[in-house]
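Encoded as structure tokens, the structure appears first; notes follow it.
No experiment lies behind these values; they were computed from the predicted model shown. Sequential numbering from 1 along the given sequence is applied to the chain's residues.
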Amino acid sequence: MIGALHGSLVEAWQELRIHKLRVLLSLVGVAIAVCSLTLVVAMSTMAQDSLRASYEQMSGRAATLTLETEDPRLSADPAALRQAADPVLEEFSITRTTVLSQTQVLVTGEYGDEWADTLLIEPDHGTIFSTELVAGRWFAPGDEQNLAPAAVVNENVLEDQGLTASDLPASIELAATEGAAPLTATVIGVTPGNQWDMREVRLLAGAPASTALAQEPQQFSLQAWVPEEIADDLAQQVSSRLSTTTGGTWSGYRSDAFAFGDDPLGVLRTILLAIAGLILFLGVMGLLNIALVTVQQRVREIGIRRSFGATGARVFFSVMMESVVATSLAGVVGIAVSVLILRTPAVMAILTDGMAAAPAFPVSAALVGFAVSVGAGALAGLLPAIVATRARIVDAIRA
């Protein structure tokens, strides 16, 4: 079986070498189509990965629940909030949680004080919100006991300080309001910057110095990472249970962006796939016409092969393999070109905007491109192969 397949492949390659001028132009169309198709699949996959990472960093993984209470004694004190909520969270086997409060602090830089968006969080926040670091480390147990509060800042803050990643750990000065005495914090990690020059600071909510920096009134909530399939029911049950155990009013809801389920790239991907499919169809039709003409010119050759014992199946397979080998080679060329295009600096700059690391070329896109090229060759070779097997031996030899 393997020997027959190898022989058919060699035979198909020899025929392509003989008729290379006839099939070259049609294969160019197939290569362009496969390249376009691979680009569409790869770019949509890479863009979806980038969007998913952005969504997770902004709103949390699927599924993230937000649990809030109207009781000011709990919402203003992360320790009290934890004490009230932890037994219920443990009861529902929810282990990945963090308190969260948003505020602003003044960061003293080389050119004056600048406001920075600030999050008071706990270590699990990095996991729930898929936080990426470009330098340093994330919060670890025990950091809340540091005399100088540990801080994770983005690259915009580091640039304002005239610091680089090699300077970590480094000290920066933070203040709650203008004119307030600054507090020295230690930068232990750096997250990617952003094109809007927004400054971001993350501090541990459990550190007394961090809480002192927050502007009043503070409003803490709980974020929890739970299984997506039971997120809605779990939000209702946990909030109801918290209301019962604490005697206050709690609300729970799913707050991650994936709850809406919309695909922002769906329309664009459909249009591009339709264009690539049209190009592929035209390339296959050109290859089909050339293959039919070639078979008609090889009728005498096919008749002689049949007279020497070649079966109809062998003739059918060999003729079809010519198209399959041709389109496979064109597909490999198209995939290689698509990889080169996606690795150009301009394209990579668009795809990696705001990401700490460049996404890898998706293997699934290459596999789809190659599978389509093989399938196109099989379709283009099917009709000529049927014509070749139906040729009568006597008529073929007389041709």
Side-chain angles (χ1 to χ4, degrees), residues 42-66 95-103 105 107 116-141 143-144 149-161 163-170 172 185-205 210 223-226 228 255-259 264-265 342-343 345 347-363:
M43 292 186 69
S44 63
T45 301
M46 295 168 73
Q48 280 183 324
D49 291 342
S50 178
L51 284 174
R52 170 172 285 275
S54 298
Y55 288 162
E56 288 180 350
Q57 291 167 9
M58 289 187 298
S59 61
R61 297 175 184 261
T64 298
L65 302 184
T66 295
T95 58
R96 292 290 188 181
T97 61
T98 178
V99 298
L100 173 64
S101 180
Q102 299 182 357
T103 183
V105 298
V107 183
D117 293 332
T118 305
L119 298 179
L120 299 180
I121 58 175
E122 293 175 334
D124 274 350
H125 183 276
T127 301
I128 298 174
F129 287 82
S130 298
T131 305
E132 297 179 351
L133 296 178
V134 296
R137 65 173 179 85
W138 186 246
F139 298 110
D143 283 340
E144 66 276 3
V152 174
V153 303
N154 70 346
E155 291 178 309
N156 301 99
V157 174
L158 207 64
E159 183 179 351
D160 288 345
Q161 301 293 316
L163 301 172
T164 62
S166 60
D167 297 322
L168 299 185
I172 61 174
T186 302
V187 178
I188 61 173
V190 182
T191 60
N194 53 69
Q195 59 184 347
W196 305 282
D197 293 330
M198 294 177 58
R199 299 159 185 84
E200 297 174 352
V201 176
R202 293 173 174 84
L203 301 169
L204 284 175
S210 300
Q223 311 291 311
W225 182 23
V226 301
E228 187 173 4
S255 54
D256 61 281
F258 305 100
L265 299 176
L342 286 179
R343 288 303 170 189
V347 176
M348 288 302 296
I350 296 174
L351 294 176
T352 61
D353 183 30
M355 300 181 66
F361 185 89
V363 178

Self-check item: T127 side chain to D124 side chain, donor-acceptor N/O pair below 3.5 angstrom
Solution: no
Quiz item: Between F129 and M58, which heavy-atom pair has the shortest distance, and what is it?
Solution: CE2-O, 3.9 Å
Quiz item: Between W138 and G189, is there a donor-acceptor pair closer than 3.5 Å when you use the side chain of the first and the backbone of the second?
Solution: no
Practice problem: Flag the pair L120 / V99 as yes when at least one side-chain heavy-atom distance between them is below 4.5 Å, and no otherwise. | Solution: no
Self-check item: F258 six-ring centre to R52 NZ/CZ under 6.0 Å and within 45° of normal
Solution: yes
Quiz item: Of all heavy-atom pairs between W225 and I128, which one has the smallest distance, and what is that distance?
Solution: CB-CG1, 3.9 Å
Self-check item: Close side-chain approach of V107 to D160, heavy-atom, < 4.5 Å
Solution: no
Quiz prompt | Minimum heavy-atom distance A151-L203, with the two atoms named | solution = CB-CD2, 3.6 Å
Quiz item: Ignoring hydrogens and geometry, is there a side-chain-to-backbone donor-acceptor pair from D117 to M198 under 3.5 Å?
Solution: no
Quiz item: For T186 and P169, which heavy atoms make the closest approach, and how far apart are they?
Solution: CG2-CB, 3.8 Å
Quiz prompt | Beyond-backbone contact of Y55 with D256, side-chain heavy atoms, under 4.5 angstrom | solution = no
Practice problem: Report the residues that fulfil ring pair (Phe, Tyr, Trp, His ring centres under 6.0 Å) with F139, sequence neighbours left out, ordered by chain and then residue number. | Solution: none
Quiz item: Under the side chain to side chain donor-acceptor pair (under 3.5 Å) criterion, do Q223 and T66 qualify, and how do the steps go?
Solution: CA-CA 5 Å; Q223 311 291 311; T66 295; 3.0 Å; yes
Quiz item: Are V152 and H125 close enough that some pair of their side-chain heavy atoms sits under 4.5 Å apart?
Solution: no
Practice problem: Would you name the heavy atoms of S59 and S255 that are closest together and state the gap between them? | Solution: CB-O, 3.6 Å
Quiz prompt | E122 side, atom CD; E144 side, atom CD - distance, nearest 0.5 Å | solution = 9.0 Å
Practice problem: Could you walk me through whether T131 and Q57 pass side chain to side chain contact (heavy atoms under 4.5 Å, CB included), step by step? | Solution: CA-CA 6 Å; T131 305; Q57 291 167 9; 5.8 Å; no
Self-check item: Check: R202 and T191 side chains under 4.5 Å, non-hydrogen atoms
Solution: yes
Exercise. Mark yes when over 12 heavy atoms from residues, nucleotides or ligands other than E200 sit less than 6.0 Å from its CD; otherwise mark no.
Key: yes
Quiz item: Can you tell me how far the OG1 atom of T164 sits from the CD atom of E159, to the nearest 0.5 Å?
Solution: 11.5 Å
Quiz prompt | Approximate separation, where rounding is to 0.5 Å, of E228 CD and T64 OG1 | solution = 10.0 Å
Quiz item: Taking atom CG of L168 and atom CG of L133, what is their separation to the nearest 0.5 Å?
Solution: 10.0 Å
Practice problem: Considering non-hydrogen atoms only, spot the tightest contact between E155 and V134 and give its length. | Solution: OE2-CG2, 3.7 Å
